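Have a look at the structure below, then the notes.
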Amino acid sequence: MRNWVMMVISYIVMVVLNALWSTGNINGQSQEEISNKLNVLFTSDGYVFSIWGLIYLLVAVWLVIQYKRIGTEQGASNAVVFLFIGICVLNVLWLLMWYYEIFVLAQVMMFALLINLIVLYMRYPIGDKSFGGRLPFPFYMGGFLSRRLRIYAIH
């Protein structure tokens, strides 16, 4: 139960900070303002980011299923718990690095986040496409790649 509570707290912090990010309330700058300071080769249209509502909903469903599985063989392993918490923490750190314009560390956090997502995804059997297994994480990885891996020159 303690592991599940830690996952939920991590998830809530991540979602709240992402909501603040989308409204431009971190360090007084919007994502667009920061991107405009850089030599950006491409930027996605705003509607592309609406996919995050679905991704966070899928992850929330995954968390509810993890709660229902507490104490069973299907419950989240310690490795899954720590990978998930790591994903949430790295997401928050990426946001902070980006909004405080520490771009090299932002890139490091993004790369570490991607590695954690891939490892978490691989912890489940290949055939597991359930809501309580792999299902949310391909969407998360796809959203991550479209939202975070921007091609820009770091000055």
Side-chain angles (χ1 to χ4, degrees), residues 2-67 76-124 131-155:
R2 190 180 93 231
N3 286 345
W4 183 80
V5 170
M6 290 179 355
M7 288 193 307
V8 169
I9 290 169
S10 301
Y11 171 79
I12 290 170
V13 169
M14 177 186 69
V15 170
V16 166
L17 280 178
N18 272 279
L20 290 173
W21 170 78
S22 67
T23 61
N25 288 326
I26 298 176
N27 197 25
Q29 300 181 87
S30 71
Q31 184 268 338
E32 184 178 359
E33 290 169 332
I34 294 172
S35 288
N36 288 340
K37 293 179 180 181
L38 303 170
N39 184 16
V40 178
L41 299 178
F42 74 90
T43 302
S44 301
D45 289 332
Y47 73 88
V48 173
F49 302 114
S50 64
I51 189 69
W52 282 97
L54 173 63
I55 292 168
Y56 289 143
L57 177 63
L58 289 173
V59 173
V61 169
W62 180 83
L63 281 169
V64 168
I65 292 170
Q66 299 314 304
Y67 176 76
S77 68
N78 284 338
V80 167
V81 169
F82 291 114
L83 285 165
F84 182 79
I85 291 170
I87 288 165
C88 295
V89 168
L90 288 165
N91 192 309
V92 168
L93 290 174
W94 171 82
L95 286 169
L96 292 174
M97 297 302 111
W98 175 261
Y99 276 94
Y100 286 93
E101 299 183 31
I102 308 170
F103 299 120
V104 172
L105 284 178
Q107 292 292 321
V108 170
M109 298 303 150
M110 288 190 289
F111 184 71
L113 175 55
L114 180 59
I115 296 297
N116 274 16
L117 279 167
I118 291 168
V119 172
L120 178 60
Y121 176 76
M122 298 305 292
R123 296 290 303 177
Y124 289 95
F131 276 100
R134 287 182 144 193
L135 181 68
F137 301 107
F139 290 98
Y140 199 133
M141 283 186 278
F144 170 82
L145 292 171
S146 70
R147 180 178 183 184
R148 294 185 169 93
L149 292 183
R150 302 180 197 298
I151 298 173
Y152 60 86
I154 298 176
H155 302 305

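Each residue takes its place number in the sequence, starting with 1. Predicted, not measured: the structure shown is a model, and the values here were computed from it.
To the nearest 0.5 Å, atom CG of residue Leu113 and atom CD1 of residue Ile118 are 10.0 Å apart. Atoms CD1 and SG, from Ile12 and Cys88 in turn, are 10.0 Å apart once rounded to the nearest 0.5 Å. For the atom pair CE (Met110) and CH2 (Trp98), the distance works out to 7.0 Å, reported to the nearest 0.5 Å. Atom CD1 of Ile102 is separated from atom CE of Met109 by 9.0 Å, given to the nearest 0.5 angstrom. Here the straight-line distance linking atom CG of Leu114 with atom CZ of Phe111 works out to 7.0 Å at 0.5 Å rounding.
Taking all atoms of both residues into account, the shortest heavy-atom contact from Met6 to Phe82 is CE-CE2, 4.4 Å. The two atoms that bring Leu120 and Ile87 nearest to each other are CD2-CD1, 3.6 Å, heavy atoms only.
Only one option out of Asn91, Val92, Leu93 pairs with Val89 in a side-chain contact (heavy atoms from CB on, under 4.5 Å); it is Leu93.
For residues 87-116, the pairs satisfying salt bridge (Lys or Arg N to Asp or Glu O under 4.0 Å) are Lys37-Glu101, with sequence neighbours left out.
The ring-ring contact (aromatic ring centres under 6.0 Å, His included) check on Tyr67 picks up Trp4, with sequence neighbours excluded.
Between Met14 and Asn18, some side-chain heavy-atom pair lies under the 4.5 Å cut-off.
Between the Tyr11 side chain and the Tyr56 main chain, a donor and an acceptor come within less than 3.5 Å of each other.
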